[in-house]
There are 2 protein chains.
Amino acid sequence: MEPVCGLDVALRYIGGKWKPVLLFHLQFSPRRFGELKRLSGGISEKVLIQQLKDLTADGIVLRHDYREVPPRVEYEITDFGRTLARALQPLCEWGNANREYARAAERHDNESR
Amino acid sequence: MEPVCGLDVALRYIGGKWKPVLLFHLQFSPRRFGELKRLSGGISEKVLIQQLKDLTADGIVLRHDYREVPPRVEYEITDFGRTLARALQPLCEWGNANREYARAAERHDNESR
DNA sequence: CAGCATCCTGGGCGATACTG
DNA sequence: CAGTATCGCCCAGGATGCTG
């Protein structure tokens, strides 16, 4: 089962449900744990830490533990991660351009049930 | 929980495990059912037809049934679908550019277990 | 060849409670 | 605040067999 296009590779990195969104938020500035939780809207702590670990292990983000009390940890995108975030950009724009269209389709879908 | 970036919208369309890859193949020419199955490498028929239905319902692809016997059905990308495929392009290229890197990381990962 | 009907399983995801 | 520890659901995805 040899690869077809680069998508299979990319999907290994951003496969998780929240990873693309996390990456999006991280590309602007480093974020703290709670900040990411708030920004992502609805992610559980367990899943958040899980996905952040994946991203860290994959060299997409860096974890900075300031060893303070109360705890303060920041997650920062790496240069490598930034290239991935850039590749995600068009998809993000596509979504924005089609947000209303998607809503309309959903409404139509609901009506036809 | 209002939307953050366009990614959430895009993910509703290409959320399925195989959809990005299917879209990739369809962007070049219409494909028959069996052809897609072969090209995608490893997808089951049930899942394939399922994802194709999703894509059809979302206006991403068109289904042409030639009503022949033996059956002949072709799936063709729509103009709308093409815009999505284009938005996927950079991600695809990113994957190609990082294929070897990903392999190396995987090897290193295996060694360290 | 294209596709439906079934049954089944894993693990991704979520909710909650607790700790340093 | 930033996690860890459990528990459990649920369904996307897979395997197999059958039909027009």
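Please read these numbers as outputs of a predicted model, since none were measured by experiment. The sequence lines fix the lettering, A, B, ..., with proteins before strands; numbering per chain opens at 1.
Here the side chain of B/E93 pairs no donor or acceptor atom with the backbone of B/P90 at under 3.5 angstrom. Here the side chain of A/S40 pairs no donor or acceptor atom with the backbone of A/K37 at under 3.5 angstrom. Looking only at distances, no side-chain donor or acceptor of B/D58 sits under 3.5 Å from a matching main-chain atom of B/I60.
Distance CZ (B/R67) to C1' (C/dG3): 13 Å, rounded to an integer number of Å. Straight-line distance from the CG atom of B/L36 to the P atom of C/dC1: 14 Å, rounded to whole Å.
Applying the 4.0 Å criterion to OP1 and OP2 of C/dA2, one finds that B/R32 has a side-chain N or O inside that range.
Within the 4.0 angstrom heavy-atom criterion, no nucleotide atom of any strand lies near A/K37. Residue A/Y66 is classed as having no contact, given no heavy-atom separation below 4.0 Å to the nucleic acid.
Side-chain contact between A/Y13 and B/N98 is absent, with no heavy-atom pair separated by less than 4.5 Å. Side-chain contact between A/L62 and A/Y75 is absent, with no heavy atoms from C-beta onward closer than 4.5 Å.
Taking the six-membered ring for Trp and thresholds of 30 and 60 degrees, A/F28 and A/F24 have ring planes more than 60 degrees apart, a perpendicular arrangement.
For the contact set between residues 54-62 of chain A and DNA chain D, defined by any heavy atom under 4.0 Å, there are no members.
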Scoring nucleotides 6-20 of chain C by protein non-hydrogen atoms under 4.0 Å (B base, S sugar-phosphate only, - none) yields BB-----BBB-B--B
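Once you apply a 4.0 Å limit to the heavy atoms of chain B, the touched nucleotides of DNA chain D run 5' to 3' over D/dG13 to D/dG20.
For the pair B/V73 and B/R63, the tightest heavy-atom approach, listed with the atom from each and the gap, is CG1-CG, 3.9 Å. Minimum interatomic distance between A/L52 and A/V61 (heavy atoms only, all atoms of both residues): O-CG2, 4.1 Å. The minimum heavy-atom distance between A/A85 and A/I77, with the atom names listed, is CB-CD1, 4.1 Å. The minimum heavy-atom distance linking A/Q27 with A/R82 is given by the pair O-NH1, 3.0 Å.
Remark: A/D8 engages B/R99 in a salt bridge, criterion side-chain N to carboxylate O under 4.0 Å.
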